[in-house]
2 protein chains.
Amino acid sequence: MTRASARTTLADVARAAGVDVSTASRVLRGEATQRIREDTKTRILQSAETLRYRPNSMARALRTSTTSTLGIIVPQLDNPVFSAAIRGAESAASAEGYSLLISHRAPGQTASTITNLSQINRVDGLLVASLDDDEILRSDLKAADVPYVVLNRMLGGAPLTVVLDSRAAALRATDHLIGLGHRRIAHLSGRAGGFNAGERLSGYKDALRAAGIDWDDRLVRAAGYTFEGGRSAMKELLPSAPTAVMAATLVSAAGAMSVLHDSGLTIPDDVSVIGLHDAAVAEMLYPALSTVAMPTEEMGRVAADLLIRLLRGENPDNVAALPPGELVLRASTAPPTV
Amino acid sequence: MTRASARTTLADVARAAGVDVSTASRVLRGEATQRIREDTKTRILQSAETLRYRPNSMARALRTSTTSTLGIIVPQLDNPVFSAAIRGAESAASAEGYSLLISHRAPGQTASTITNLSQINRVDGLLVASLDDDEILRSDLKAADVPYVVLNRMLGGAPLTVVLDSRAAALRATDHLIGLGHRRIAHLSGRAGGFNAGERLSGYKDALRAAGIDWDDRLVRAAGYTFEGGRSAMKELLPSAPTAVMAATLVSAAGAMSVLHDSGLTIPDDVSVIGLHDAAVAEMLYPALSTVAMPTEEMGRVAADLLIRLLRGENPDNVAALPPGELVLRASTAPPTV
DNA sequence: TTGAAAGCGATACCAG
DNA sequence: CTGGTATCGCTTTCAA
């Protein structure tokens, strides 16, 4: 009960060209070290062409225990940060002859996903973005025993990591608000305890300190990475009457804006709002959201490059945090109306 | 130069249990047809357990020419429609012991993606969502020679297809507007010539006709699936002074709302807006967008199920278009102010 | 109930 | 420069 249509094999090509499979294998793989007579080479190439030969990747993988594919695991797909990272990783991978397998997994399921990708689908290495706790992620990764690069967060013990400079981004966003004349600037921070959340909070503090603005902890609330989180954080912030809000993410910024609208406040006249990361949704909000762009696609590219060099046996150095992109001014920020 | 740490193989397990590999293979795979003595069975299971044996999927695939993995190709990742479909497909696949490989590709590149997935990564079958032209997609699919199910659009010649009932959804959305008292209802349609665009336009017409409202072609504009498309279509619509807009997608609805805001019109007092598909972004818009929910996750689930049954040699019937979900009322729709 | 052996389709080492 | 041939790890007849 064979379903598969008989595909052309290397043996077919060899037979057609009147050579041994080993010879055919050499030329078809472009073996650099061995020389082969020009005419037999063309003969083989020709037969391969006409027979539409496609190497069986399973056989090759079994023999070489290598698949030329990378896996990327992200916590969610419908998030511009990760989809951009995927784009970047994909382009870097394919430029080096690797293909990329995408997988997404809810928090806590990272372990099984890693196992799946590395054992069932056989990737040579993994790009991992996860929101899980350090401890958990670390042990999951160790158990999988596959080369990997961690994305978008630091992880103690992980040899290779690519992160964005969230601190600099937060500083830049806050600076913009300060430059506009704001002094009561609220901050919607990310997941409490998260790496990026901490960095962004630091950037926010840096900016305040440099401007000589006193720290007021009633102006900072954890909003997580959800619309609802942004909403409830903003509600708590309202009594402190900020004139501007620096949100750690686009989604939490959206939540904040929704609360502001509900309370009859006008953006940016009554309250300015700025978010970190730039993506299509920033333009869809009302008013269009000012942001600090982040090189998320670049992050994916760099991570994939690192991983590939690792797989090639090189010993790549860890890269510095990627600096933020431009300040994208839209309609949501303006000087405070005194 | 072996990099791979020597993994436990079936031979190791067999040796440890004092049996032949063939016997070990039988029990480990739960072979139903052959009987095996209870104690040798447990002995083998035990050794596998302690040696932490994991079958080499490449070897198995090479031998059986089957991978137990499905591939899904979507045109974009950061689109709630497709990420929901992926979620659905993944859950259906894993429930049947299949894993899912995700791939995304820009228009026009579907061919190479199909090739990659089916030849390099060896999926048993493909779930394909594409925005490409019928003709192109058809030939790409034929060339790949792999079982497939088409997602989210009809395709002449494709044996199996799963679509949403866009026509019914558009009807429901338009009906809502009509029920509110609107008579000058504009429609932002999708990609001209696209399957879903046509369906939605029909649904819109159905609703008008049923309500005895005359068709006015100045009230319909193609907006595609982008924010900018929504904007320019809405700009052209403005002179016709609609009191309500039914947008084919969330993004085009957002574009329309942005133009409405720019023109100093109030939503929903001056113009009501409703969109098809419900997703998180609907809530982030201002005012929050009323929508008709669509069973996109279900679409993925159904498609994966169909594909798996196809792979098992069954001859599944094509399913009917999936009916729309609920009308989700938010703040963007209201009776016209006369 | 179990074992022996023949491949699946490629790669790579060793001869010639 | 080219041909043999032994694997890679597993599944699957065919015998015993």
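Atoms considered below: every heavy atom in the structure, side chains included; atoms not considered: hydrogens, waters and symmetry mates. To find a chain, count down the sequence lines: A is the first, B the second, and so on, and within it residues start at 1.
- Atom-to-atom, CD of A:Q119 to C1' of D:dC10 comes out at 16 Å; the value is rounded to the nearest Å.
- Closest to the side chain of B:T9, out of C:dT2, D:dT2, D:dG9, is D:dG9.
- DNA chain C is contacted by both B:V19 and B:L62; B:V19 maps to the nucleotide lying nearer its 5′ end (nearest heavy atom per residue).
- Judged purely by atom type and a 3.5 angstrom limit, B:R153 uses its side chain to pair as donor or acceptor with the backbone of B:S130.
- Proximity of a side-chain donor or acceptor of A:D124 to a complementary backbone N or O of A:L70 within less than 3.5 Å is not detected.
- Interface residues of residues 43-59 of chain B facing DNA chain D, ordered by number: B:Y53, B:P55, B:N56, B:A59; criterion, heavy-atom separation under 4.0 Å.
- Heavy atoms only, all atoms of each residue included: A:V146 and A:G125 are closest at CG2-CA, 4.2 Å.
- Rounded to an integer number of Å, the gap from CG of B:D12 to P of D:dG9 is 9 Å.
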Detail all sub-3.5 Å separations between protein N/O atoms and N/O atoms belonging to nucleotides 5-7 of chain D.
from, atom 1, to, atom 2, distance (Å)
D:dT7, O2, A:R63, NH1, 2.9

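- The CZ-C1' distance, from B:R60 to C:dG9, rounds to 18 Å in whole Å.
- For the atom pair CZ of A:F82 and CG of A:L151, the computed distance is 8.0 Å after rounding to the nearest 0.5 Å.
- Formation of a donor-acceptor pair under 3.5 Å by the A:D133 side chain with backbone atoms of A:E135 is not found in this model.
- One interatomic measurement links the two molecules: CZ of B:R26 to C1' of D:dC10, which rounds to 13 Å at whole-angstrom precision.
- Closest approach to the B:I36 side chain among C:dT2, D:dC10, C:dA10 is made by C:dT2 (side chain taken as heavy atoms from C-beta onward).
- For the pair A:D20 (side chain) and A:S22 (backbone), a donor-acceptor distance under 3.5 Å is present.
- Residues forming a side-chain hydrogen bond (donor to acceptor under 3.5 Å, both in side chains) with A:T69 (at least two apart in sequence, or on another chain): none.
- Taking atom CZ of A:R122 as the reference point, atom P of D:dC8 lies 15 Å away to the nearest angstrom.
- Distance from the side chain of A:T64 is smallest for C:dA12 among the nucleotides D:dT13, C:dA12, D:dT2.
- To the nearest angstrom, P of C:dG9 lies 11 Å from CG of A:L10.
- Looking only at distances, a side-chain donor or acceptor of B:T8 sits under 3.5 Å from a matching main-chain atom of B:L51.
- The closest donor-acceptor contact from the side chain of B:N56 to the backbone of B:T9 lies at 3.5 Å or more, if one exists at all.
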